[in-house]
Number of protein chains: 2
Amino acid sequence: MDVDLRLLRYFVAVAEELHFTRAAERLFISQPALSKQVRLLETQLRLKLLRRSSRHVELTAAGNALLPQARQLLDTWSESLTATRAAAAEEDRTLRVGFITNAAGELTTQILAEFTRRRPEWRISMSQALWADPTCGLRDGSVDVAFVRLPVPAQEPLALRILLSEPRWVALPSAHPLARHEVVPFASLLDEPFIATPPESGTWRDFWLAVSERRGHPVRVSAVAQSSEEWIEAIANGFGVGFTAESTARFYHRPGVVYRPVDEISPSRLALAWRREDRRRIIIEFAAACAAAASPAA
Amino acid sequence: MDVDLRLLRYFVAVAEELHFTRAAERLFISQPALSKQVRLLETQLRLKLLRRSSRHVELTAAGNALLPQARQLLDTWSESLTATRAAAAEEDRTLRVGFITNAAGELTTQILAEFTRRRPEWRISMSQALWADPTCGLRDGSVDVAFVRLPVPAQEPLALRILLSEPRWVALPSAHPLARHEVVPFASLLDEPFIATPPESGTWRDFWLAVSERRGHPVRVSAVAQSSEEWIEAIANGFGVGFTAESTARFYHRPGVVYRPVDEISPSRLALAWRREDRRRIIIEFAAACAAAASPAA
DNA sequence: CTACATCCATACCTACCAGTTATAGCAGGA
DNA sequence: TCCTGCTATAACTGGTAGGTATGGATGTAG
């Protein structure tokens, strides 16, 4: 009996929430649509998975048995798909490059040009990651190499090559009082509300909130942004301020937002990263192209 | 990205056949439908899985990577479903009983009555297996206990309790010359064409062709039947003859078919079987009910 | 005990899609 | 060059996944 994995995903959502309305919200569909689909799943399998009343939802024994299996199946499928994409990229000689925000800044173009000169038969596919994933897709295998901003999660088995280091600046609403400073004193930012990266980003989040520089002074997080676009929009609308790399200031202009240097704050380092177990020659060659572009011929 | 497992099944079929038309036949759909669905799969995954020309079909690297994963996913799902069904049966106290052809013959009713008397809160679900599976569903876990005809595949870890032994008879087209005998001599059947069980049934097939009694005399198999109904239909239409249990003769009357005892042939033994690792009390109790019904109170 | 709030189910509608048959188009072999 | 075999395309039909509006049941507050 075949089944659409979508239905399994729906079932898992309901089984986890034990609440159709909430599960439907989580899945971005209407509650009746969800009710109908789960019922359809039960019909297709000829099994009752849930006991519902207008007040309570609970799993049957069958539902209980199916839940972990369904989770597993969805995970396995996701991994299969990743492996398949990797095979496809390899076959048509496409190097998948992940990046975040403005990648390697002005250096990016040079790097890609240098790589293309060295290996003209390879194609490059650039994909921008959301802030929730500081490994830019290396973690889940959706890219082969990535321009990452340190720190990356330590538990990831990544090889790193530092490409550059640049000061962190602060982005402020234009009308903000601190915007008058040429260089904003770090101490003056301690009580400002910050736009933060998502919690899943771990140590990365702390870095961009400058937690270690605050010496225990608590952070006010006023909003969370998934990307530079959301971040800059939040700042322009006065929700708060945020640190960023100097080069980002050149890439993300927007009326209503100004960028200023900050004193007493460590720089941001940009690195090329790849999975340590990925020993492909093409990776080494991309790293070499990066090194060549980063340190112009003496 | 979710996917319908049906599409994966389609892909696997094409990948195995490397031929859309043949794969479509195997899947019992039209060739254009299959072409469209495989293309849809590729579109959904944004991957080319197959290179097609009007003359050749071959896998891409992506297709090659996906194929084993897809097979695995389908198998895993099938097993999950079986486990879930078992949980459902357990919860609503349903004992799933497999059987083949006429189960335990006239004894069946008594057994079920006895079991129901002893454990009235349990329900019984009877499901008839096709001849391709002499374990009657124990192998794949779709039943809890089964009335099986020996021999059962030896490699299956099954517990067995012999319930009865009865002579094998032969079924003949009414007009067949041998139908004149009261008891058909085994030797006279050596060159008759036989309706056989499917090859997957293994040693069971040999037993019902009486291979060991033939002492090396080759068998003529004129047709294969998946069930008693197909079998009796084939015999009535004169395609051949076949051995069966004596009790089956009483359960499957049909104009155009006659049953006769055969000499010099070993009997058929019927057993109750279950998975050896299944230690549930209810299994033991069903076995006890069978024993009680099989050997009426002294 | 009644009124209310909450939540799942049902009814009904629309857009899309899986399947069908018929046929076009392409490629290899006699 | 024609024939044959195979996949793709076209046109159609029934079914279904999604939507909104509303019914109906049940636990809770007063």
Side-chain angles (χ1 to χ4, degrees), chain A residues 1-64 66-67 70 73-74 77, chain B residues 1-64 66-67 70 73-74 77:
Chain A
M1 193 65 225
D2 296 328
V3 71
D4 192 328
L5 291 188
R6 194 184 68 260
L7 295 187
L8 286 189
R9 213 160 37 81
Y10 288 1
F11 164 68
V12 169
V14 175
E16 283 174 354
E17 300 283 348
L18 292 178
H19 195 296
F20 278 80
T21 307
R22 270 202 303 275
E25 279 168 18
R26 211 174 95 182
L27 296 166
F28 301 105
I29 61 173
S30 69
Q31 168 266 314
L34 178 59
S35 286
K36 193 163 48 159
Q37 293 306 301
V38 172
R39 185 169 296 276
L40 176 70
L41 176 65
E42 291 180 317
T43 307
Q44 286 180 355
L45 305 184
R46 282 164 312 173
L47 281 169
K48 281 218 82 63
L49 300 172
L50 298 157
R51 261 185 297 274
R52 323 139 162 77
S53 76
S54 69
R55 216 59 202 176
H56 289 292
V57 177
E58 59 175 6
L59 288 167
T60 61
N64 234 318
L66 185 60
L67 179 56
L73 206 74
L74 291 168
W77 169 240
Chain B
M1 193 63 226
D2 296 327
V3 71
D4 192 327
L5 291 188
R6 194 185 68 258
L7 295 187
L8 287 188
R9 213 160 38 79
Y10 288 1
F11 164 68
V12 169
V14 176
E16 283 174 355
E17 299 283 347
L18 292 179
H19 195 296
F20 278 80
T21 307
R22 270 201 302 277
E25 280 168 18
R26 210 175 95 180
L27 296 166
F28 302 105
I29 62 173
S30 68
Q31 168 268 314
L34 179 58
S35 286
K36 192 161 54 159
Q37 292 307 299
V38 171
R39 185 169 296 276
L40 176 70
L41 177 64
E42 291 180 317
T43 307
Q44 286 180 355
L45 305 184
R46 281 165 311 173
L47 281 169
K48 281 217 80 63
L49 300 172
L50 297 157
R51 263 184 297 274
R52 323 139 162 76
S53 76
S54 68
R55 214 61 202 171
H56 289 292
V57 177
E58 60 175 7
L59 287 168
T60 61
N64 234 319
L66 186 60
L67 179 56
L73 206 74
L74 291 168
W77 170 240

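Just so we're on the same page: letters track the sequence lines, and every chain starts at 1. Quick note: numbers below take in every heavy atom, side chains included, and nothing from hydrogens, waters or symmetry partners.
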Report, as a single string ordered 5' to 3', how protein heavy atoms within less than 4.0 Å touch nucleotides 2-10 of chain C: B base, S sugar-phosphate only, - not at all. ----BSBBB
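When every heavy atom of A:K48 is checked against every heavy atom of A:A62, the shortest pair comes out as O-CB, 3.6 Å. Nearest heavy atom pair, residue A:L74 against residue A:L5, reads CD2-O, 3.8 Å. Of all non-hydrogen atoms in B:D2 and B:Q44, the two that sit nearest each other are O-OE1, 4.3 Å. For B:Y10 against B:L34, the heavy-atom pair with the smallest separation is CB-CD1, 3.7 Å.
Atoms CG and CZ, from B:L7 and B:F11 in turn, are 11.5 Å apart once rounded to the nearest 0.5 Å. Atom-to-atom distance recorded for A:D4:CG and A:L40:CG is 9.5 Å, nearest 0.5 angstrom. Atom CZ in B:R22 sits 12.0 Å away from atom CD in B:E16 (nearest 0.5 Å).
Here the C1' atom of nucleotide C:dG19 and the CG atom of B:D4 are 14 Å apart, to the nearest Å. Atom CG of B:L41 is separated from atom P of C:dC17 by 15 Å (rounded to the nearest Å).
Looking only at distances, no side-chain donor or acceptor of B:E58 sits under 3.5 Å from a matching main-chain atom of B:R51.
When DNA chain D is scanned 5' to 3' for any atom under 4.0 Å from a heavy atom of chain B, the first and last hits are D:dG5 to D:dT9.
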